[in-house]
Amino acid sequence: MKNKDRNGTLKAFLLDAEHVLVQGESAIRLMLKLESGTTIRMYDSFEPYFLVQPQAPDEKSLQECKKSLEGMRAFGKAGEVKTKRVEETTLSFRNKKMPFLKVFAFLASDVPLLRHAAEKHGVPFEFDIPYTRRYLLDKRLRPNALHEIEHEGLRVKSIKALDSQGETPKFRMLSLDIETYNPDAMPNAEKDPVLMIGYDGEAKGVYSYKKKFSNDFTKTFASEKEMLEGFCALLREKKIDLLCTYNGDQFDLPYLQKRAKRIGADLRLGRDKGEVKTKRLGLREVSKVSGRIHYDVFPVASFLNFIGTIKVERLTLEEVYFTVLGGKKLGVKKQDIHKIWDTGSQKELDFLAEYCLTDAIACIDLTKNFLHLHLELGKLVQMPLVEVSRATASQLVETYLLSKAFVRGELAPNKPSSADIYSRQSPVEGAFVKTPDAGLYENIAVLDFRSLYPSIIISHNIDVTTFDCDCCTKAEAFISPQGHKFCKKRKGIIPEMLEEILAERAKIKKEMKKFDSSSSEYKALDARQWGLKILANSTYGYLLYARSRWYSREGGEATTAWGRHYVQDVLKKAEEFGLKPLYSDTDSTFLLYESKEKVLEFQKQINASLPEAMQLELEGFYPRGIFVSKKAKGEEKGAKKKYALIGEDGKIKIRGFELVRRDWSKIARETQRKVLEIMLREGSVEKAVTLVKKVVEDLKEGRVPIEECVIYTQLRKSASSYEIQSPELGAVQHARKQGVRVPENAIIGFVITKEGKESSKSKQKVYLQSRLIELAKDYDPDYYVNHQVLPAVLRILGSLGFDEDSLKNKGKQTGLESW
DNA sequence: TAATTCGCTAGACCGA
DNA sequence: TCGGTCTAGCGAA
């Protein structure tokens with residue numbers, strides 16, 4: 001700790017910036033990590049402020065407004081609030097430079113109060129940018145990057161981000177996972193103790209109490225209290241910087257805190273006496289521990305699942321671990337834990353400890369896997385790790401844009417009012433999708449526009465600041481297919497951002513080729529390009545996001561209109577070129593070819609005609625592919641967003657089929673997958689039919705395990721607010737009637753059982769037969785044959801010239817329903 | 001108080 | 001009992 005005690009300059013990684021009070025004023029406390037590995041705290045001063053646009057831009061109005069703002073009074077809970085001081089400044093607003101007044105406050109919490117008072121004197125702006133974020137943006141600091149700090153003791157004199165992109169701090173990490181006593185499904189901290197704490201990272205093991213264990217990784221304490229305090233001692237001893245959990249925000253950390261209070265344990269998870277602080281951040285809760293970074297893998301997995309980077313059916317630790325890292329699952333049912341604790345055998349108790357440890361291992365492994373991404377994203381959008389790892393797509397884009405606006409000397413637009421949000425609701429016409437003809441095809445070339453929407457936005461300078469400018473005539477500007485005009489003279493903030501992102505990403509991709517894919521350099525670069533990709537892909541959505549500061553309906557309309565224009569142009573030109581278009585969705589084109597050279601020649605020709613930022617890439621050549629028909633009344637039409645391709649390497653790419661959907665049973669999905677594989681690899685209908693017959697027989701005979709009949713669905717509303725009955729709702733209602741608690745919005749698994757099946761000939765209500773998997777005793781073979789396996793499979797076989805109706809004629813040799 | 005639109009499908013609902 | 005319409009969920013991009 002020598003460095004901080006004297007004056008001078010030091011280099012450190014900036015980990016976090018917190019709001020603190022110093023002598024009655026808002027100030028910043030920085031968490032810094034020296035290159036030696038030591039973590040220190042320092043203090044910086046920063047005045048909270050917001051901006052006000054005077055009623056009129058003339059000097060007289062400006063001075064009058066300034067005077068009024070200086071004399072402002074507002075009243076908050078803590079009494080009277082005053083303006084600290086007011087400064088004049090010039091900012092660019094709606095493409096014009098104009099005067100603004102910068103109103104400084106003593107406390108960050110005064111800003112919202114003063115802002116209301118200021119509304120009488122002008123139009124307030126940038127009043128809702130959180131204090132610590134304002135600090136990072138204004139000082140152009142980059143969380144997780146190396147900074148040079150000039151200081152006097154613990155006081156920062158100046159701080160500057162260094163241009164050392166590659167380096168990132170090395171954290172001392174520990175994962176944490178608790179098991180609780182839970183006789184009533186959901187544990188209650190008022191009465192249910194914490195039984196075990198698993199951890200991995202700087203140390204690895206399990207803490208428990210009273211019980212004896214035969215393994216050597218479990219340490220037994222005399223009481224729950226000593227166990228909790230022992231764990232805090234471990235955090236201190238190992239000098240942990242980063243504590244990671246899976247859903248610790250909402251479960252583990254608040255539970256430990258409540259429990260400690262209840263049993264009188266001295267729980268110091270942080271670096272000082274502070275308790276776990278659980279704060280609402282947007283829609284969710286964040287649990288913070290002072291002096292350490294709490295990294296919660298659950299919101300990370302949830303975000304990546306949402307944007308499509310990973311694909312899991314349920315966001316459990318086990319499933320995420322398995323999907324992302326191929327880790328094994330160790331099954332202990334939550335409802336069994338208290339039984340094992342009370343009456344379990346030694347073997348069961350040992351197994352529980354092992355399970356607890358496995359969860360801690362999964363948690364640290366996942367953290368190591370995702371941390372690089374957030375370190376890089378944090379640098380990029382200037383958000384500390386705690387925030388960036390919990391941020392939504394719109395928050396990432398918006399924070400990046402706020403920083404860009406600051407650098408460009410532009411005023412950030414205010415967030416929309418609720419009336420604005422309401423008026424932004426009507427949808428904007430989206431992408432073009434071509435209807436394919438159903439069938440089995442050979443030799444399909446797939447061409448993709450690389451980053452279609454970002455490249456269109458760049459090429460045509462699309463955003464709210466460039467729309468309908470008054471500096472370009474129609475002849476000078478970019479005119480969209482619907483006639484929207486975009487400036488050609490000044491680059492917009494969003495096109496500029498995307499141009500930088502895409503250029504940087506291309507540079508990184510090139511750089512990555514120099515390294516081995518297992519090297520740390522490669523991984524850091526990969527994380528960086530990944531972060532850039534997330535940002536670029538979210539930007540179009542942000543343009544049309546109703547709560548966006550930089551919303552542009554016209555910009556969104558123009559982007560998709562140009563998208564439709566370019567992709568349809570490719571289809572038309574392909575036809576003329578002698579390549580038959582088969583299918584197209586948004587940015588992709590599927591062409592039937594005879595020679596690959598011709599495809600490459602075509603691609604070259606298109607690329608020569610495109611704007612510089614746009615590019616048509618060859619995604620691949622596929623020897624065989626299947627498109628199926630839509631299940632529609634009347635005419636037979638090919639289905640969109642549903643196809644399967646087999647690559648030259650034998651790898652199969654499947655989109656849209658039931659088998660990729662979690663709301664279909666495993667038995668139907670697996671059977672469909674096998675049929676698709678047979679058709680793609682061998683093209684043998686006979687073989688596929690034989691396979692299906694076997695499955696149907698197994699179902700009839702009850703040989704299929706009930707687990708393979710589970711259907712997963714999320715109830716996205718509260719159970720009472722549904723207009724219509726459904727099987728999933730039926731399962732929940734039945735369970736609640738039995739006294740089983742089912743949380744709102746949960747993804748539930750249910751089975752269609754024989755129970756509740758009506759013998760009458762009237763139309764069977766499936767929801768009466770549906771039961772949660774936990775309560776299901778059997779499955780209804782008729783349902784799984786006729787409503788799961790056969791529809792999934794016949795769609796494919798029927799589309800490939802196999803006469804579907806003949807399949808259903810009972811008695812025929814090949815009939816699938818001949819049983 | 002979670003980026004967008006396009007598209008498929010099952011099952012419930014409802015009127016003839 | 002049949003067939004059209006609507007609600008709801010999930011996936012493609």
Side-chain angles (χ1 to χ4, degrees), chain A residues 280-285 299 302-303 305-308 311 313 390-398 415 418 421 424-435 448-449 451-453 534-548 550-551 553 555-557 559-560 563-564 567 583-588 628-634 637-643 653-664 668 711-717 721-730 745 747 752 761-770 783 786-788 791-792 795:
Chain A
R280 239 186 138 68
L281 193 97
L283 265 181
R284 41 172 299 113
E285 313 257 294
S302 169
F303 174 79
N305 198 45
F306 178 66
I307 64 168
K311 225 193 111 197
E313 275 160 37
R390 292 161 174 86
T392 64
S394 69
Q395 286 172 321
L396 294 177
V397 175
E398 188 155 292
K415 285 185 182 168
S418 45
I421 294 170
R424 294 175 179 183
Q425 294 302 321
S426 69
V428 163
E429 185 180 348
F432 167 74
V433 189
K434 177 182 160 63
T435 308
D448 274 355
F449 278 101
S451 303
L452 178 68
Y453 289 169
I534 289 172
L535 269 184
N537 287 348
S538 308
T539 306
Y540 161 75
Y542 180 77
L543 205 61
L544 287 178
Y545 171 49
R547 295 176 187 278
S548 161
W550 278 273
Y551 178 87
R553 186 182 176 86
E557 282 172 348
T559 305
T560 53
R564 295 190 297 273
V567 80
Y583 176 62
S584 168
D585 186 349
T586 312
D587 59 356
S588 67
V628 297
S629 53
K630 211 162 99 161
K631 196 177 190 185
K633 350 130 232 243
K637 262 190 161 179
K640 299 169 178 180
K641 299 189 186 285
K642 230 173 177 186
Y643 60 85
K653 181 173 166 176
I654 297 170
R655 293 291 122 96
F657 279 104
E658 284 75 7
L659 75 95
V660 303
R661 298 177 61 103
R662 72 167 177 216
D663 57 352
W664 279 73
I711 297 165
Y712 292 101
T713 321
Q714 183 176 22
L715 286 177
R716 288 137 73 115
K717 310 198 275 182
S721 53
Y722 280 87
E723 290 183 29
I724 269 182
Q725 275 292 348
S726 61
E728 51 271 36
L729 190 55
N745 293 317
I747 294 172
I752 306 306
K761 276 172 232 151
S762 70
K763 210 157 191 179
Q764 179 61 44
K765 297 270 191 267
V766 180
Y767 64 84
L768 295 173
Q769 286 178 259
S770 135
Y783 179 83
N786 294 318
H787 293 269
Q788 291 276 323
R795 197 80 38 79

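In this text, all values refer to a predicted model and were calculated from it rather than measured experimentally.
- Between the P atom of dG7(B) and the NZ atom of Lys434(A) lies a distance of 13 Å, rounded to the nearest Å.
- Listed pair Ser394(A) / dA3(B) meets the phosphate criterion, a side-chain N or O lying under 4.0 Å from OP1 or OP2.
- A heavy-atom distance below 4.5 Å is not found between the side chains of Tyr540(A) and Leu452(A).
- If you measure from atom OH of Tyr542(A) to atom P of dT5(B), you get 16 Å, rounded to the nearest angstrom.
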Quiz prompt | Worked verdict on Phe303(A) versus Ile534(A) for side chain to side chain contact (heavy atoms under 4.5 Å, CB included) | solution = CA-CA 11 Å; Phe303(A) 174 79; Ile534(A) 289 172; 4.0 Å; yes
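- When the side-chain nitrogen and oxygen atoms of His787(A) are compared with OP1 and OP2 of dA10(B), none of them lie within a distance under 4.0 Å.
- Shown are Glu728(A), Glu313(A), Arg662(A); of these, the side-chain contact (heavy atoms from CB on, under 4.5 Å) with Ile747(A) is made only by Arg662(A).
- Within 4.0 Å (heavy atoms only), Tyr767(A) reaches sugar-phosphate atoms of the nucleic acid but no base atom.
- Ion pairing between Glu658(A) and Lys642(A) holds under the 4.0 Å rule for side-chain N and carboxylate O.
- Atom pair Arg564(A):CZ and dT4(B):P shows a separation of 18 Å (rounding to whole Å applied).
- Each of Phe432(A) and Arg547(A) has a nearest nucleotide on DNA chain B; the 5'-most of these lies closest to Arg547(A).
- Of the listed nucleotides (dT5(B), dA2(B), dG7(B)), dT5(B) has the atom at the smallest distance from the side chain of Pro427(A).
- The shortest distance between side-chain heavy atoms of Asn537(A) and Tyr453(A) does not fall below 4.5 Å.
- Taking every side-chain heavy atom of Val766(A) into account, dA12(B) is the closest of dT9(B), dA12(B), dA3(B).
- If you check every strand for non-hydrogen atoms under 4.0 Å, Phe306(A) touches a base.
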Practice problem: Scan nucleotides 8-13 of chain C nucleotide by nucleotide, 5' to 3', and note B when protein non-hydrogen atoms come under 4.0 Å of the base, S if they reach only the sugar-phosphate, - if neither. | Solution: SBBBBS
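- Atom pair Lys637(A):NZ and dC8(B):P shows a separation of 9 Å (rounding to whole Å applied).
- If you take NZ of Lys630(A) and P of dC6(B), they are 14 Å apart, rounded to a whole angstrom.
- Salt-bridge annotation for Lys641(A) and Asp585(A): present, with a side-chain N of the basic residue lying under 4.0 Å from a carboxylate O of the acidic one.
- Rounded to whole angstrom, the span from the CG atom of Leu544(A) across to the P atom of dA2(B) amounts to 16 Å.
- With both ends at atom C1', the span from dA12(C) to dA3(B) equals 15 Å, rounded to whole Å.
- For Leu281(A), the CG atom counts as loosely surrounded, since its 6.0 Å shell holds 12 or fewer non-hydrogen atoms of other residues, nucleotides or ligands.
- Within the nucleic acid shown, Val397(A) has no heavy atom closer than 4.0 Å to any nucleic acid atom.
- When heavy atoms are screened at a 4.0 angstrom cut-off, Glu429(A) is found touching the sugar-phosphate backbone but no base atom.
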